[in-house]
Undergrad: 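I am attaching a structure below and will ask some questions about it afterwards.
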There are 4 protein chains.
Amino acid sequence: MLRCGLLDEPQKGGTVPVDITPAVPEPETIVAPPRGLRSDRIHSQVLEATAALLREGGYSAATMDAIAQRAGVSKVTLYKHWPSRTAVAAKAFGLMMADALPQPNTGTSAGDLTEQVLHVSEFYASDLGGVFAQLIAACVEDPAGAAYFGEFFLAGRRAAVAELWARAVERGDARPGVDVNDVIDTLFGALLFRLLIGHQPLSAEAAASLADVALRGTLLPTAKG
Amino acid sequence: MLRCGLLDEPQKGGTVPVDITPAVPEPETIVAPPRGLRSDRIHSQVLEATAALLREGGYSAATMDAIAQRAGVSKVTLYKHWPSRTAVAAKAFGLMMADALPQPNTGTSAGDLTEQVLHVSEFYASDLGGVFAQLIAACVEDPAGAAYFGEFFLAGRRAAVAELWARAVERGDARPGVDVNDVIDTLFGALLFRLLIGHQPLSAEAAASLADVALRGTLLPTAKG
Amino acid sequence: MLRCGLLDEPQKGGTVPVDITPAVPEPETIVAPPRGLRSDRIHSQVLEATAALLREGGYSAATMDAIAQRAGVSKVTLYKHWPSRTAVAAKAFGLMMADALPQPNTGTSAGDLTEQVLHVSEFYASDLGGVFAQLIAACVEDPAGAAYFGEFFLAGRRAAVAELWARAVERGDARPGVDVNDVIDTLFGALLFRLLIGHQPLSAEAAASLADVALRGTLLPTAKG
Amino acid sequence: MLRCGLLDEPQKGGTVPVDITPAVPEPETIVAPPRGLRSDRIHSQVLEATAALLREGGYSAATMDAIAQRAGVSKVTLYKHWPSRTAVAAKAFGLMMADALPQPNTGTSAGDLTEQVLHVSEFYASDLGGVFAQLIAACVEDPAGAAYFGEFFLAGRRAAVAELWARAVERGDARPGVDVNDVIDTLFGALLFRLLIGHQPLSAEAAASLADVALRGTLLPTAKG
DNA sequence: AGCTAAGCGAGACGGTACGTCAAGTCTTTCA
DNA sequence: TGAAAGACTTGACGTACCGTCTCGCTTAGCT
């Protein structure tokens, strides 16, 4: 009825040898926006305006009317470039977050992955983490938006973690036979759970504790720092 | 900005020795509905109507107008008993699901927990799993509803898992020092991730694989079946 | 495809003995607005606001948004009371014009009818005559609005002329066998023609000339002043 | 505020001795379309496409986009040849109707004029009569279009009737001193009234009755068949 | 047993946002 | 150079659902 189908990452080349291909077929929901010089200008104006609105007032402030006005663009145009409000917001959020999280490099597999979990936990606990939760929520009812969120935000995040995992595999720290997607979902699913439900804190200690549990299940005992 | 605070379970009795008390202070959002005979009738009528609507058309069909009409109750009354639409839906969903998942009893700790994961995965993949996702999403923007969702649905689920964990602790299968909340979130967070994002399947195999990873991190090697 | 069916006058009693019953069956398009104290207040507020807008900027200024805002009423409410923008405007215009044209009383049939034609011609030539034309035009595409225009504006006008005609009949000035509707349409159709097409002036002389032609065809030669 | 000024017929030649020159000054609204071979092809393509659309779905189907697409012409080009949508539609309608009504020739003045009224009444009652009403309505808000409607449709109609009237004058059937414009407007205004308002039928009997009334006012008693 | 006050059904209402439509203008690209 | 293609702005439309409000009836619970 309302399954999402969020992820269809562009898979841009051999940087990531590990397979993170989505198991579900790629939806054709991402609109090909009109081409041309004007289109490019509009595209960036809209995304900047949306990002600003998201920062200032969260998803609920990023109304189509508000975006249109702030970007100096008409609503009709918005709907010609994106299939829904969620899609605009998702793409804007993705670009805004593009290089927010630095790739950790501690020298050890456990260290890298733990630090990544800490970064994400911190992000979730921030204001933008709230926006992230709102977007996840919005995507539940809007598969079209979900495709954008997968493409422009989630794919990048997953690729980053997949790269860390690939390093661990190279180092011989990974427990054999463990799927990278299981690693990612186990490491960050718990954080997402807490972000959405809010039943448990998202503190650094809590994150470290969760990372420890998850890494014990995925790395070899010898890899534990 | 928009953290939820979903869980404030009533913790009714000593069945669960392990601590799953929420770390965040309990919100006072749950309304005390008017008392009296009529109130009881209204309460159950509304919840049944809402449950039926949720089953038939998901959260989006459970409009306040629709609920009011189906229950033969006025909207004003609805708002006297519950703070918001989400709250009604959450409570109705909780009661509807009250005894949907049987408590597994395989004889081993790993078996019990794995089976629980399989059950939940199956539930997520069902139509009602979609409704669950919608409710999670709705709660992101409505803390009041979130309180109801925590109280009437999540608390029960977590308590059930906590009991399985307590058994594992008694059996000496649990890795010492592991927090029960970390266990729960790690075991089910990954499933929730997949439910919401839909990037990976929710099949039995996938669930078993995730359970395996998570249990390796929480149970002692000696407990692995 | 787009015939109107404008007129369904209430026919309020024996004042007018002559038959001006519409030949087309009465449409059921006029909405029964919600009842109650609030409704009454809203009704009058809306109609006053609309009348003001019509006076100030014609039909094109009487937007639903503008009306809603000026009347301090929500658009949804407007659509609960009236089926369309045209309907609101038509009713407001009707009430606004209710007693704009005095009933002539010159002592002779020809005098009365001629004076009426002059009045109407003058009205057509005024700003409000323009609004009248706009309403006629709007009703062409909106049968629901047409019903309101018939009920709240045209019916009254026709009844007024019908009364003059009835007097002429009593006086023995009317050519026998002439239908009152033919009289009305012949007397005023030419004016309407000129209002809409604008090919010929709506001056007093022109109106007198038209009235003369039409009355020669409807009154007996003996009645001509 | 919104008077139209529809009629500015080119008056091309002595065929009509009677004066039907408009009393209002001729507006300069009719665009001189670009000249050249391509222009001619475009012109006819557009007008044919528009006529087809008008026939199929009335004025509301004759969108500028629809016309442009059907004619294989760009919208910019449309606006280079005509000042507005109404103008295109009006011209297309005029050409489409060019020889729809045959000129009656019954041998008597009254017969000719009555038959013309019957023809027009029949036309009004047809689907194309509805389109005619829509065009009249559209012209109310668009003087530029009105000019085209006058030039390419109304002028021809009026000239035809004027010719009948000229014949009556030659025959000595016309009441002396009656203006041809008064004749035309009186004869057909009533029909237009009924077309637009729809309060009375447009049947042949009704038309005959109206013609009778009007002709009694314009022809001499001796001319009545 | 009857009265009073609260609870309640019905549904009108304001508000906010949505997604859509068509007119008319402007820009790019092709012939 | 002029036109096709079509992107864009503008302004309004009609709809959806939330949560509040008002009315008048019903019922509970006290006197």
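Owing to the predicted nature of the structure, the values given are computational and were not obtained by experimental measurement.
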Undergrad: Does the A/Arg85 side chain pair with the main chain of A/Gly145, one donor and one acceptor, at a distance under 3.5 Å?
TA: no
Undergrad: What's the CD-C1' distance between C/Glu141 and E/dC21, to the nearest Å?
TA: 14 Å
Undergrad: Between atom CH2 in B/Trp82 and atom P in F/dT20, what is the gap in whole Å?
TA: 16 Å
Undergrad: A side-chain contact here means heavy atoms from C-beta on lying under 4.5 Å apart; do C/His81 and C/Val46 qualify?
TA: no
Undergrad: Taking only side-chain nitrogens and oxygens of C/Ser39, does any of them come within less than 4.0 Å of OP1 or OP2 of E/dC13?
TA: yes
Undergrad: Listing request: all salt bridge (Lys or Arg N to Asp or Glu O under 4.0 Å) pairs with a residue in residues 66-78 of chain A, at least two apart in sequence or in separate chains.
TA: A/Glu56-A/Arg70, A/Asp65-A/Lys75
Undergrad: Locate the shortest heavy-atom distance separating D/Ile67 from D/Ala49; write the atom from each residue and the value.
TA: O-CB, 4.3 Å
Undergrad: Do D/Leu135 and D/Tyr59 have side chains that approach each other closer than 4.5 Å (heavy atoms only, starting at C-beta)?
TA: yes
Undergrad: In whole angstrom, give the distance that lies between atom CZ of C/Arg41 and atom C1' of E/dA12.
TA: 11 Å
Undergrad: Answer yes or no: is there a donor N or O on one side and an acceptor on the other, between the side chain of D/Ser74 and the main chain of D/Thr77, under 3.5 Å?
TA: yes
Undergrad: Which residues within residues 84-96 of chain B lie with some heavy atom under 4.0 Å of an atom in DNA chain E?
TA: none
Undergrad: If I take atom NE2 in residue C/His43 and atom C1' in nucleotide E/dC13, what distance separates them, rounded to the nearest angstrom?
TA: 15 Å
Undergrad: Can you spot which of B/Phe152, B/Phe153, B/Tyr148 makes a ring-ring contact (aromatic ring centres under 6.0 Å, His included) with B/Phe93?
TA: B/Phe153
Undergrad: Rounding to an integer number of Å, can you tell me how far A/Asp40 CG sits from F/dC8 C1'?
TA: 15 Å
Undergrad: Once you round it to whole Å, what is the distance between C1' of E/dC18 and CG of A/Asp142?
TA: 13 Å
Undergrad: Would you jot down, in residue-number order, the residues of residues 64-79 of chain B having a non-hydrogen atom under 4.0 Å from DNA chain E?
TA: B/Gly72, B/Val73, B/Ser74, B/Val76, B/Thr77
Undergrad: D/Leu47 and D/Lys91: which non-hydrogen atoms are nearest, and at how many Å?
TA: CD2-CG, 3.9 Å
Undergrad: Answer with yes or no after comparing the ring centroid distance for D/Phe132 and D/Phe149 against a 6.0 Å cut-off, counting only values under it.
TA: yes
Undergrad: In whole Å, what is the span from the NE2 atom of C/His81 to the C1' atom of F/dT15?
TA: 17 Å
Undergrad: Take atom NZ of A/Lys80 and atom P of E/dT27, then tell me their distance rounded to the nearest Å.
TA: 16 Å
